[in-house]
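Contents: one structure, followed by commentary.
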Amino acid sequence: MAFWLMKSEPDELSITGLGTQGTARWDGVRNYQARNFIREMNEGDEFFFYHSSCPEPGIAGIARIATAAYPDPTALDPESHYFDAKASHEKNPWSAVDVEHVRTFRQVLSLGFLKQQAALGELALVQKGSRLSVMPVTAEQWAAVFALTER
DNA sequence: GCCAACGTTGGC
DNA sequence: GCCAACGTTGGC
C-alpha cells in the first residue's frame, strides 16, 4: 500500500464535507506531475487530506483511494470549471480517482507545525516554491505525521 | 490584496 | 529550442 498527500480547497471539498458524503470524485487535477501520481494510485492507498488556500492551511484528516485512476469527466464538460477544450473522449489527458473518508483530525496539523518536523523535510509540501497538489508520502513520513495526531 | 515561484503558451 | 509574457497556485 502506498501513501500520498493531496491538496483541496475546503470551499470545494473539505475533510468534513467528505465525511458527510462518504465518497467523492477527486477531479480537476490539471498538472502533469500531479496527474502522473494520480495514475500510480491503487485502491486501498491512503492519503493525507490537506486544506489549501484557506484560513488554516494544513493536514485535516485521512482518506482512502477507492478506485484506480480513470479519465476525468470534468475535462469533457463545457460547464465545468475544469473543462479542457483539447480533451476528447478518445484522448482525455486528465485522470481522476474516487476517494472515501477515513478520519477527520480533531485539530488540523498546520503547515507551520509541519514545517517544524525534521522528519518531513523531504516532503514537497514543505519545500520552498513547491505547488505540487498531489505527492507521494513515504512510510516514514506517514508515521511521523500520524504520531503527531495521537497525543 | 500582494507577491514569489512555478508552469504553459506562443512568437521568433 | 529559446525565452518573454502570461496565468495559476497558495501562503501570508
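First the proteins, then the strands, lettered A, B, ... as listed; each starts at 1.
- A/Phe47 and A/Trp26 have perpendicular rings, their planes meeting at more than 60° on a 0 to 90° scale where under 30° would count as parallel.
- Of the candidates B/dC6, C/dG10, B/dT9, B/dT9 carries the atom nearest the A/Lys86 side chain, counting heavy atoms from C-beta on.
- Here the CD1-CG distance, from A/Ile59 to A/Leu120, works out to 7.0 Å after rounding to the nearest 0.5 Å.
- Between A/Leu132 atom CG and B/dC6 atom P there is a gap of 12 Å when expressed in whole angstrom units.
- A distance of 9.0 Å separates CD1 of A/Ile62 from CZ of A/Phe3, quoted to the nearest 0.5 Å.
- Residue pairs meeting the side-chain hydrogen bond (donor to acceptor under 3.5 Å, both in side chains) criterion with at least one partner in residues 50-61 of chain A, sequence neighbours excluded, are absent.
- Across B/dC6, C/dG10, C/dC12, the shortest atom-to-atom separation from the side chain of A/Arg131 is found for B/dC6.
- Checking the phosphate oxygens (OP1, OP2) of C/dT9, no side-chain nitrogen or oxygen of A/Tyr50 falls inside 4.0 Å.
- Protein atom CD of A/Gln33 is 10 Å distant from nucleotide atom P of B/dT8, rounded to whole Å.
- Taking the side chain of A/Tyr32 as heavy atoms from C-beta on, and the options C/dT9, B/dT8, C/dG11, the nearest nucleotide is B/dT8.
- In the set C/dG11, B/dA4, C/dT8, the nucleotide with an atom closest to the side chain of A/Lys128 is B/dA4.
- The CD atom of A/Glu9 sits 15 Å away from the P atom of C/dC12 (whole-angstrom rounding).
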